[in-house]
Amino acid sequence: MSTTLLAKRGKMGNTTYYQTTMKANTVITTIGLASEMDQWKDMTIDERMQRDINGARVAAELVPYIIKDPDWFFGSLIIVVYKGWEEIYFQDIQEVTAINMAAYKDALKDAGFLTLSDNKRLIALDGQHRLAALAMAIKGKNGIPGSVERLPEHLKESLVPHPEIGDADISVILIENKNINVIRKIFNKVNRYAKQTSRSDNIITSEDDIIAIVARKLFNSQDGPLIAIDGKELVNWKSNTIAQRSKQLTTVSALYTITQTILSFYDIDEKSAVSDEIIDKSFDIMKQYWTLCLEKIDVFKTYKKCVCEDRPVDKIRKESLLMKPVTHMALANAMLIVLKHDVDYTSIIDKINEIDWSFENPLWFNILVTNTKNKKMITKTNSLKQAGKLIAYMLIGDKFDDEEVDEVKEILNEAAGENQNAELPKIIG
């Protein structure tokens with residue numbers, strides 16, 4: 001059966017395209033994935049127009065977004081008319097009805113009706129993950145594309161049909177398949193030059209990630225403990241680095257990780273349902289944490305005094321690891337361990353001042369910093385956890401069981417190198 005769509009014809013370079021909308025139900029039933037083409041398995045890597053679908057990501061992230069967020073929105077799918085393009089027929093609207101006003105004539109130029117033949121074959125050139133997400137959202141587990149590798153059972157069972165989504169209007173751009181090499185080149189350029197939003201951008205703009213919302217409130221609300229002082233921002237929300245002479249304390253990326261770490265103790269994560277109640281609870285927890293850090297930790301108190309008096313902070317930054325976002329994240333891991341041992345960190349946070357945080361302290365070599373002249377910070381997630389366990393040991397090591405103590409020894413021995421028997425640091429009384 002042929003399909004007729006109201007469309008606008010356009011041209012970029014030598015490529016003619018048609019912009020239109022289709023109901024989501026039509027999209028998932030008439031548009032296929034490149035990986036479902038008969039020739040797909042026989043194609044070489046450089047002949048394939050698309051990468052394989054990450055089914056787990058679709059089921060765990062995109063489908064819940066469509067189902068749960070009433071304001072969900074997708075960009076246009078770019079579709080190639082892989083078969084039947086020779087029978088595409090576009091009729092200008094001015095051929096159908098007389099347009100008497102000149103202004104309307106200009107506005108309706110290249111607007112009309114696009115008819116696709118009944119033997120058409122439409123393939124998603126860009127947007128295959130969105131297409132798969134629509135199918136899974138509308139049909140549940142019956143909508144899982146055949147080319148998607150087996151999903152974990154818990155993800156598969158989470159897919160419940162939501163047929164009402166089938167009525168959504170999906171923006172579609174159709175391109176004629178006159179030359180497979182041109183199509184492949186378009187796919188390559190669309191994906192290569194599409195700039196992915198940075199982690200910082202995602203944290204700043206997300207409205208469905210409670211961790212991001214709370215992290216922003218810490219420096220962007222009037223009662224936030226990290227709010228700017230006299231116009232001087234304490235949090236770098238534009239990038240993931242802090243210059244040596246910057247007056248900023250930490251980055252929004254580190255702030256997100258710290259918030260995520262602490263709130264995990266309270267079973268709150270980025271997938272938790274967003275509500276005013278949960279936001280307020282989470283913000284209060286993190287506000288207390290940061291307020292204590294800024295009021296009780298000497299390095300932070302000195303830093304804040306310098307910012308208030310508009311004095312340089314680069315000397316403190318050179319002297320103390322506590323002025324590094326990496327250490328802030330490691331400290332959050334330590335506080336999580338403290339909480340898991342049923343210790344109120346408000347009672348032991350003063351002990352942090354008794355730890356030697358200098359870059360030259362061998363305790364941190366190959367854990368927080370490299371054992372090299374430039375003492376480069378180590379940012380691996382596992383290193384942050386190891387540093388957190390080491391810090392926690394110094395704070396509440398008397399509450400560690402034998403297995404946990406052995407883990408700390410292993411961390412120190414691994415950092416020291418082969419055939420070493422590193423000594424445990426002193427537990428602060």
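Computed from a prediction, not measured in an experiment: that's the story for all the values here. Positions are given from 1 along the sequence.
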- [ ] Answer with yes or no whether the side chains of S264 and D269 bring together a donor and an acceptor at under 3.5 Å.
- [x]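 No, no side-chain donor-acceptor contact under 3.5 Å.
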
Task: SB check K301 E295 (cutoff 4.0 Å) - done: no

Task: Carboxylate-amine/guanidinium contact D342 K399, below 4.0 Å - done: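 Salt bridge flag = no for K399 with D342.
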
Tell me whether the count of non-hydrogen atoms from other residues, nucleotides or ligands lying under 6.0 Å of [atom1] in [X] goes above 12.
{"X": "E410", "atom1": "CD", "result": "no"}
{"X": "E153", "atom1": "CD", "result": "yes"}
{"X": "K232", "atom1": "NZ", "result": "yes"}
{"X": "K23", "atom1": "NZ", "result": "yes"}
{"X": "N14", "atom1": "CG", "result": "no"}
{"X": "E403", "atom1": "CD", "result": "no"}
{"X": "W72", "atom1": "CH2", "result": "yes"}
{"X": "D276", "atom1": "CG", "result": "no"}

Is the closest side-chain heavy-atom distance between [X] and [Y] below 4.5 Å?
{"X": "M22", "Y": "D169", "answer": "no"}
{"X": "S76", "Y": "Q19", "answer": "yes"}
{"X": "I316", "Y": "V299", "answer": "yes"}
{"X": "I173", "Y": "Y18", "answer": "no"}

Testing the basics here: between [X] and [Y], what is the closest heavy-atom pair and its distance to 0.1 Å?
{"X": "P425", "Y": "L390", "result": "CG-CD1, 3.8 Å"}
{"X": "L151", "Y": "A56", "result": "CD2-N, 3.5 Å"}
{"X": "I337", "Y": "K389", "result": "CD1-CA, 3.6 Å"}
{"X": "L321", "Y": "T327", "result": "O-OG1, 2.6 Å"}

Task: cation_pi(K375, F359) dist<6.0 Å, angle<=45 - done: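 So K375 doesn't make the cation-pi contact.
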
Open item on the list: Distance check, rounded to the nearest 0.5 Å: L395 atom CG versus I427 atom CD1?
Closed with: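 Nearest 0.5 Å value for the CG-CD1 distance: 10.0 Å.
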
- [ ] Assert yes or no for the condition that the ring centre distance of H328 to F300 is strictly below 6.0 Å.
- [x]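 Yes; F300 has its ring centre under 6.0 Å from that of H328.
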
Task: Distance flag, aromatic centroids of F90 and F113, threshold under 6.0 Å - done: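 Here the rings of F90 and F113 have centres that are no less than 6.0 Å from each other.
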
Open item on the list: L363 vs W357, test: side-chain contact (heavy atoms from CB on, under 4.5 Å). Steps then yes/no.
Closed with: CA-CA 9 Å; L363 182 67; W357 294 102; over 6 Å; no

TODO: Take K385 and E407 through the salt bridge (Lys or Arg N to Asp or Glu O under 4.0 Å) test and state the conclusion after the steps.
DONE: CA-CA 12 Å; K385 290 182 178 179; E407 287 176 1; over 6 Å; no

